[in-house]
Amino acid sequence: MTTTEKSAPTAAGSGASATQAFRATRQQGAGEAVSPERVDAVVRAVLAGVHEAVRTHKVTYPEFQAAKKWLIEVGEGGEWPLFLDVFVEHVVEAVAAETQQGTKGSILGPYYLPDQQKLPSVAALPSRPDEKGTPLVFAGQVRDVDGNPVAGAELDIWHADEAGYYSGFAPDIPEGNLRGVVVTDDQGRFEISTIQPAPYQIPTDGPTGALITAAGWHPWRPAHLHLIVRAPGYRQITTQLYFEGGEYVDSDVAQATKPELVLNPQDQGDGSLRSEYDFVLERA
Ligand code: DHB
Ligand code: FE
């Protein structure tokens, strides 16, 4: 590792942290019993897809063994949360979205951490004294589907820093940095001061990165804000917001962008940005 790469997280480091975070938060459904009929139907379909790929592309023994080696390495590196969230979660989200009204959802990704600092409706996210990046004010209102403000709604927000790294998953970033739970005022309003994140690159030094290189793909996600918006009696929304004109908005490796989720920040004339976005929640 060279000194210029000092704070770049390794794939193994990010993978291990993401695996640990997943286990610690016991994501919804993890460990829940699934009926034999369901396991039979879904696993049979997955295997049928694999079998078909082998037949169609006449996969050879050396290729089969290379795949086995790669799968072992993904496990050893703790990279399953990264791999699955980049390449599979967007379809699970699309299925969930079929029954969801209000603000569009997007993938959770591997870097959510619960129990962050609670903040008032007008707040700055915790950041380092020398936090780099373009200052961004992100403001708006949470309403129900009938247009009524939702007071006391929580915006659980987290995002990468100006180098594209997340606190809790990269070395040298303080715990809780650029993360917080902002509570809306009696008009459902919020105004969050932070910085504009950079695009995120999947760590390229691990097996997921090796696959991306081997396949000739690119490893980038567009810059994004992550949000979970929740209020008692309402269906929780997990989503992400992107930046109009930003790199990779039209070529997200995780295929998790939607046209409704693109912000259009305005330059405030002093080098800072302001963006308005309203969230709409449906009843649970
Ligand atoms: C991954 C990282 C992200 O920041 C994200 O939002 C989704 C997926 C990943 O590395 O898997
Ligand atoms: Fe992310």
Side-chain angles (χ1 to χ4, degrees), residues 7-23 25 27 70-71 73-75 77-94 96-97 104-114 116 125 133 136 138 155-171 173 176-180 194-213 215 217-229 237-243 246-258 261-263:
S7 63
T10 60
S14 302
S17 308
T19 298
Q20 193 186 14
F22 176 80
R23 288 196 166 129
T25 56
Q27 297 298 332
W70 180 83
L71 286 160
E73 286 167 4
V74 174
E79 278 202 46
W80 280 119
L82 275 66
F83 179 86
L84 291 169
D85 292 355
V86 162
F87 292 113
V88 181
E89 190 185 354
H90 69 280
V91 188
V92 180
E93 195 286 319
K104 298 284 182 197
S106 185
I107 65 174
L108 175 71
Y111 298 143
Y112 174 65
L113 291 173
Q116 299 302 309
L125 293 188
L136 168 72
F138 172 61
L155 281 91
D156 200 334
I157 181 170
W158 69 105
H159 65 80
D161 68 7
E162 192 257 354
Y165 302 137
Y166 287 87
S167 63
F169 298 90
I173 306 179
N177 206 62
L178 303 177
R179 297 175 183 269
T194 183
I195 56 105
Q196 187 176 32
Y200 166 87
Q201 185 182 26
I202 293 174
T204 49
D205 63 325
T208 305
L211 170 71
I212 287 169
T213 305
W217 303 335
H218 78 69
W220 291 95
R221 298 213 59 222
H224 55 278
L225 305 176
H226 286 271
L227 290 126
I228 296 174
V229 185
I237 288 176
T238 299
T239 195
Q240 300 190 22
L241 295 171
Y242 306 90
F243 297 89
E247 246 184 314
Y248 313 112
V249 171
D250 299 320
S251 64
D252 180 8
V253 64
Q255 298 180 61
T257 62
K258 296 182 184 179
L261 299 177
V262 181
L263 299 171

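Since we're looking at a predicted model, the values are computed, not measured. Numbering of ligands and ligand atoms starts at 1, following listing order.
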For Ile228, run the side chain to side chain contact (heavy atoms under 4.5 Å, CB included) check against Ile237, Leu155, Leu108 and tell me which one passes.
Leu108

Close-contact set for ligand 1 against Gly109 heavy atoms, below 4.0 Å
7 (C)

Regarding ligand 1, does Asp85 bring an N or O atom to under 3.5 Å of one of the ligand's N or O atoms?
no

With salt bridge (Lys or Arg N to Asp or Glu O under 4.0 Å) as the rule and sequence neighbours excluded, what pairs involving residues 201-210 come up?
none

What atom name does the N, O or S atom of His226 nearest to the Fe ion (ligand 2) carry?
NE2

So which heavy atom in the protein is nearest atom 6 (O) of ligand 1, and how far is it from that ligand atom?
Arg221 NH1, 2.7 Å

To which of Tyr166, Tyr200, Tyr111 does the heavy atom nearest atom 10 (O) of ligand 1 belong?
Tyr200

Taking only heavy atoms of His224 into account, list the atoms of ligand 1 that are under 4.0 Å away from them.
4 (O), 6 (O)

Assign the ring pair Tyr111 / Tyr200 to parallel, tilted or perpendicular, where the plane angle (0 to 90°) is split at 30° and 60°.
perpendicular

the protein heavy atom lying closest to atom 8 (C) of ligand 1 turns out to be Pro110 CD, 3.3 Å

Any heavy atom of Gln240 sitting closer than 4.0 Å to ligand 1?
yes

In the protein, which heavy atom is nearest to atom 11 (O) of ligand 1, and how far is it?
Leu82 O, 2.8 Å

Check: Lys104 main-chain N/O paired with Thr239 side-chain donor or acceptor under 3.5 Å:
yes

I need the nearest protein heavy-atom contact for atom 9 (C) of ligand 1: residue, atom name and distance, please.
Val86 CG2, 3.3 Å

Do Asp161 side-chain atoms and Tyr165 backbone N/O form a donor-acceptor pair below 3.5 Å?
yes

Confirm or rule out an N/O/S atom of His159, from backbone or side chain, lying less than 2.8 Å from the Fe ion (ligand 2).
no

Heavy-atom distances under 4.0 Å are what count here, so tell me which part of His226 touches ligand 1: side chain, backbone, both or neither.
side chain

Would you say the side-chain atoms of Glu89 pair up with the backbone N or O of Gly109, donor to acceptor, closer than 3.5 Å?
yes

Parallel, tilted or perpendicular, judged at 30° and 60°: which one describes the rings of His224 and His226?
perpendicular

Under 3.5 Å, is there a donor-acceptor pair between the side chain of Ser106 and the main chain of Gln240?
no

Presence of N, O or S from Tyr166 under 2.8 Å of the Fe ion (ligand 2):
yes

Please identify which atoms of ligand 1 are closer than 4.0 Å to at least one heavy atom of Ile107.
7 (C)

In terms of ring plane angle, is the pair His218 and Tyr248 parallel, tilted or perpendicular, where the classes change at 30° and 60°?
tilted

Measuring only between side-chain heavy atoms, which start at C-beta, is His90 closer than 4.5 Å to Asp252?
no

Non-hydrogen atom of Ala254 closer than 4.0 Å to ligand 1:
no

